[in-house]
Protein chains: 2
Amino acid sequence: MITQAGAPGTATGAMESQDLKKAGLKATLPRLKILNILEKSRLRHMSAEDVYKALMETGEDVGLATVYRVLTQFESAGLVRRHHFEGGHSVFELDHGKHHDHILCIKCGRVDEFMDETIEERQRVIARKAGYDMTDHSLYIYGICTDCQKKEKGRGR
Amino acid sequence: MITQAGAPGTATGAMESQDLKKAGLKATLPRLKILNILEKSRLRHMSAEDVYKALMETGEDVGLATVYRVLTQFESAGLVRRHHFEGGHSVFELDHGKHHDHILCIKCGRVDEFMDETIEERQRVIARKAGYDMTDHSLYIYGICTDCQKKEKGRGR
DNA sequence: ATGGTAATGAGAAGGGTTCGCATTGTATTT
DNA sequence: AAATACAATGCGAACCCTTCTCATTACCAT
Ligand SMILES: [Mn+2]
Ligand SMILES: [Mn+2]
Ligand SMILES: [Zn+2]
Ligand SMILES: [Zn+2]
């Protein structure tokens, strides 16, 4: 099967198309564009608004409602993970399969990732003891990153 | 100093008044009523809406905006802790000084508490390694509680 | 009891997210 | 390649929780 080379609206890569179909989703232009943003953007964790802005900047014309819908679909399909960072609004990242938790700077918003098997195991034990069938967990460590610590000292104090 | 016994608007206990002043807050009727709800309610963790409804049920007349304001003030004063349970909206509980984390049922909303020094320590280590000056952390374990597990089995499946 | 100032109540406004529906696009069948 | 059937999109309205605005009221030191 051959598609017109350079046909309008075929700007995004072709491989992603398969990813979407494998996930049981129709390979529509908005979905391809959003997937592309998530893959190419320098930010690993993006809010719907972030994705929307990135789309606008590249001249793409996708509605904000669609961004929300698609991200939720991606989540259901297991392509994306949703996090609730402080502040209430959702943040998304491509799901590469490796579970991890987050540590974030309350000054600049920087986000780092970590995985600690000791903590993971303790959580399982705690859930079992409490009689729960654990389905998920979320752990966020908040603090001030190295850079922001320096800045604080710089500004006297 | 003597106050009129049974004077209108003096229904709540008198001791709480001291707590508020110690916290640097004027002892107003709305604040006393809200503090009272938090102490007497069978729910340890309440949303602003929960508090507001409890107030209404006891015939008290406090605005929802005031509930939000007061809860935030209580938080700043260290009287109350705010949590962000799944779903985005804030939940409050009286701060009794002992730090703990939460494990909650995704079916019925039940909330249990726990504290694990191993996890606490690992977090400190992780933050240090990442170069962060840790200020806080939040850990939620999600799962299905004992009761809800039974119900699931009962309903076939 | 009086006055000065902080707190309250009611409703409007705000921010993030979801909905409703007419229009458009995709996958599939001729 | 053209037609078809139905899912997906875009837009604005609607939602929900929370905060803000501001006229009115209540606290508390005098
Ligand atoms: Mn991550
Ligand atoms: Mn608690
Ligand atoms: Zn920082
Ligand atoms: Zn339950």
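Reckoned from all heavy atoms, side chains included, excluding hydrogens, waters and symmetry mates. Note on naming: letters A, B, ... go to the chains in the order of the sequence lines (proteins, then strands), and numbering restarts at 1 for each one. For clarity, every value in this text was computed on a predicted model and none was experimentally measured.
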Steps toward side chain to side chain donor-acceptor pair (under 3.5 Å) verdict (B:His89, B:Glu49)
CA-CA 10 Å; B:His89 62 303; B:Glu49 192 71 34; over 6 Å; no
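Note on A:Thr28: only backbone sugar-phosphate atoms sit closer than 4.0 angstrom, heavy atoms only; bases stay farther off. Using a 4.0 Å heavy-atom cutoff across all strands shown, A:Ser90 reaches sugar-phosphate atoms only and no base atom.
Counting heavy atoms from C-beta outward, A:Ile141 and A:Leu104 have side chains that stay 4.5 Å or more apart.
DNA chain D lies under 4.0 Å from at least one heavy atom of each of the following residues of residues 67-78 of chain B: B:Tyr68, B:Arg69.
Taking the six-membered ring where the residue is Trp, the centroids of A:His83 and A:His102 are separated by under 6.0 Å.
To the nearest 0.5 Å, the span separating CG on A:Leu43 from NZ on A:Lys40 amounts to 15.5 Å. Residue A:Tyr52 holds its OH atom at 11.5 Å from CD1 of A:Ile34, rounded to the nearest 0.5 Å.
If you check C:dC19, D:dC20, C:dT17 against the side chain of B:Ala65, the one that comes closest is D:dC20.
We find that NE2 of A:His89 is positioned 17 Å from C1' of D:dC16, with the value rounded to whole Å. B:Tyr52 has its OH atom 9 Å from the P atom of C:dG9, to the nearest Å. One can place CG of A:Asp50 at 13 Å from C1' of C:dG16, the figure rounded to the nearest angstrom. The interatomic distance linking A:Leu25 (CG) with D:dA7 (P) rounds to 13 Å, in whole Å. Rounded to whole Å, atom C1' of D:dC28 lies 14 Å from atom CG of B:Leu32.
Counting only distance, with no hydrogens or angles, the side chain of A:Tyr140 and the backbone of A:His84 share a donor-acceptor pair below 3.5 Å. At distances below 3.5 Å, not a single donor-acceptor pair connects side-chain atoms of A:Arg82 with backbone N or O atoms of A:Ser90. Judged purely by atom type and a 3.5 angstrom limit, B:Asn36 has no side-chain atom pairing as donor or acceptor with the backbone of B:Lys33.
Looking only at atom types and distance, the side chain of A:Thr72 has no donor-acceptor partner in the side chain of A:Arg69 under 3.5 Å away.
Between its two ends, the helix from C:dA1-D:dT30 to C:dT30-D:dA1 turns its axis by 30°, counting five pairs per end and rounding to 10 degrees.
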